[in-house]
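For reference, the structure is listed below as structure tokens.
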Amino acid sequence: ATLLIAMLKVIGVKAYPVLIPTKSIANLDTDIPKPTSFNHEIAAIEREDKYIFLDTTDDVVPFGELPPGDQGRKVLIVKNKKAIIAETPVFPPNSNIEGFNGEFTVNENGSLEGTLQFIYKGVYAEFERHKLRRSTIESRRRHIEELASKISPGFDVDSFELSNFNDLNIKTVKVTISGNDRVFGTKTEHMMLIHAPAPDYSRIVNLVASRSRKYPYIVGYKMMKESFVLLKLPKDYKVYFIPEPFYYRNSVGSLKAEWIKLNGSTLKFHSKMVLRKEKIPANKYQELRDLFNLTVKSIRNQVIVLKRR
């Protein structure tokens, strides 16, 4: 931070040192000052009566954003030999998006082929940049294959393309994959069971596996997980059953999952989960648990298609 402040001074930009307690320690208690209140230093510049905080120790965070551990913390800004207490921002859910787009075709033999794209913004882009920057060619390929397997176990990657994750001026990281799954639909003589070829975010279920909590649950950031899928069915099949649209909301977030039958033999799937709180009180933990569990369950719902006679 000190080096950044000196560099900004050279180009005529005034910046100030900021002492911050990251989320690895307790937040600042302004009623009980103590020398161990802080464990990190960042910088701040003032623009239009507000501060823009900068943490240059994290090389995957673009200008205007902060690592999760720096968000929502009480800080001490050293400005003109005065100490100013302020608070770093907590970015809204639409700043931290784990997105997905996919266009697929289900073949008569139950196989799946198509193109999919993972779209990361905010903290998710930071996580992805960190993985990609530190990966070898081999480990990067393995990471792409693991992403594809989240869509459907056994999805084989034919080709992939990465956006410019090294350029922090491009805040969105995209991973585009083309491939196929030889065994996607579950077939009988007259029908086929299929699901949305989209990430079900099953890892969030592990976060709320415990039945109850005594203390607040610190997620660390607000988030949005959203998927759009177009799924073309075999021409000799027709839709027999699609799940009804599902909408859910509580005090910590909301969920929407819906299947729509378009013209011809194409289905559209859309899901969106929004977490509006980064810290969940113990008495609201069950609401977080319900939101996360219902998200995974709703995405896993299946569609039934019948073979035309």
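Both backbone and side-chain heavy atoms feed into the values below; hydrogens, waters and symmetry mates do not. Residue numbers start at 1 and run along the sequence shown.
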Can you find a heavy atom in the side chain of H195 that is under 4.5 Å from one in the side chain of D200?
no

Once rounded to the nearest 0.5 Å, what's the spacing between atom OH of Y240 and atom NE2 of H190?
13.5 Å

Strictly below 4.0 Å, N to O, side chains only: are D59 and R134 in salt-bridge contact?
yes

Considering non-hydrogen atoms only, spot the tightest contact between R141 and F160 and give its length.
NH1-CE2, 3.6 Å

Is atom CD1 of I32 surrounded by more than 12 heavy atoms (other residues, nucleotides or ligands) closer than 6.0 Å?
no

Angle class for the Y124/F127 ring planes (parallel below 30°, perpendicular above 60°, tilted otherwise)?
perpendicular

In terms of heavy-atom contacts, P62 and L168 come closest through CB-O, 3.3 Å

Go through the steps for K82 and Y16 under the test side-chain hydrogen bond (donor to acceptor under 3.5 Å, both in side chains), then give the verdict.
CA-CA 11 Å; K82 293 182 179 179; Y16 308 101; over 6 Å; no

Applying side-chain hydrogen bond (donor to acceptor under 3.5 Å, both in side chains), run through Q71 and T88 and close with a yes or a no.
CA-CA 5 Å; Q71 296 183 32; T88 57; over 6 Å; no

Run I42 and L54 through side-chain contact (heavy atoms from CB on, under 4.5 Å) and show every step you take.
CA-CA 6 Å; I42 60 177; L54 311 169; over 6 Å; no

Could you walk me through whether Y120 and S163 pass side-chain hydrogen bond (donor to acceptor under 3.5 Å, both in side chains), step by step?
CA-CA 11 Å; Y120 303 104; S163 64; over 6 Å; no

Hey, is the main chain of N250 close enough, under 3.5 Å, to the side chain of E287 for a donor-acceptor pair?
no

So, are K307 and E189 salt-bridged, with charged N and O less than 4.0 Å apart?
no

Is it the case that the side chain of S298 and the backbone of L294 share a donor-acceptor pair, with hydrogens and angles ignored and the cut-off at 3.5 Å?
yes

Return yes if a side-chain donor-acceptor contact under 3.5 Å exists between R276 and S254, otherwise no.
yes

Minimum heavy-atom separation for I20 to F38, with atom names?
N-CD2, 3.6 Å

Roughly how far, to the nearest 0.5 Å, is CG of N180 from CG of N107?
9.0 Å

Would you give the length of the straight line joining atom NZ of K279 to atom CG of N27, rounded to the nearest 0.5 angstrom?
8.0 Å

Steps toward side-chain hydrogen bond (donor to acceptor under 3.5 Å, both in side chains) verdict (D55, H40):
CA-CA 10 Å; D55 189 342; H40 189 39; 3.1 Å; yes

Derivation of the side-chain contact (heavy atoms from CB on, under 4.5 Å) call for F53 and D70:
CA-CA 9 Å; F53 296 96; D70 289 357; over 6 Å; no

Take the angle between the ring planes of F104 and F155 and call it parallel below 30°, perpendicular above 60°, tilted in between.
perpendicular

Between L288 and L275, is there a side-chain heavy-atom distance shorter than 4.5 Å?
yes

Within a strict 4.5 Å, meaning less than it, do heavy atoms of the P68 and E126 side chains meet?
yes

Do K23 and R73 touch side chain to side chain, with heavy atoms closer than 4.5 Å?
yes

So do the side chains of L233 and L267 get within less than 4.5 Å of each other, counting heavy atoms only?
yes

Taking all heavy atoms of T56 and all of A1, pick out the closest pair and write down the distance.
OG1-N, 4.2 Å

Under 3.5 Å, is there a donor-acceptor pair linking the side chains of D158 and S178?
no

Between the CG atom in D290 and the OH atom in Y285, the distance rounded to the nearest 0.5 Å is 10.0 Å

Looking at K187, I want to see if its NZ is surrounded by more than 12 non-hydrogen atoms of other residues, nucleotides or ligands under 6.0 Å.
yes

Tell me, do V60 and K131 make a side-chain contact under 4.5 Å, heavy atoms counted?
no

Closer than 4.0 angstrom, basic N to acidic O: yes or no for K150 and E146?
no

Apply side-chain contact (heavy atoms from CB on, under 4.5 Å) to the pair M273 and F292, showing each step before the final yes or no.
CA-CA 8 Å; M273 187 275 284; F292 281 4; 3.8 Å; yes

Under-4.0 Å salt bridge between R129 and E65
no

Nearest heavy atoms of A198 and V229, plus distance in Å:
CB-CG2, 3.9 Å

Is it true that a side-chain atom of N39 and a backbone atom of T22 form a donor plus acceptor pair closer than 3.5 Å?
yes

Do the non-hydrogen side-chain atoms of N301 and F246 ever get within less than 4.5 Å of each other?
no

Any donor and acceptor pair, going by atom type alone, linking the side chain of R203 with main-chain N or O of N206 inside 3.5 Å?
no

Kindly compute the distance separating CG (L116) from CD (E103), expressed to the nearest 0.5 Å.
10.5 Å

Mind listing the closest non-hydrogen atom pair of I45 and A15 along with its distance?
CG2-CB, 3.6 Å

Between K74 and P21 (side chain of the first, backbone of the second, donor and acceptor by atom type, cut-off under 3.5 Å), is there such a pair?
no

Yes or no on side-chain contact (heavy atoms from CB on, under 4.5 Å) for F91 and V123, after CA distance, side-chain angles and deciding distance?
CA-CA 10 Å; F91 296 97; V123 297; over 6 Å; no

Just so I know, are the side chains of Y237 and V106 near enough to count as touching, which here means a heavy-atom distance under 4.5 Å?
no

Taking atom NZ of K232 as the centre, report whether more than 12 heavy atoms of other residues, nucleotides or ligands fall under 6.0 Å from it.
no

Are any side-chain N or O atoms of R289 and backbone N or O atoms of V208, one a donor and one an acceptor, separated by less than 3.5 Å?
yes

With clusters defined by side-chain heavy atoms of hydrophobic residues (ILVMFWY) lying less than 4.5 Å apart, directly or transitively, does L231 cluster with I299?
yes

Out of curiosity, R140 CZ to L132 CG, how far, rounded to the nearest 0.5 Å?
6.0 Å

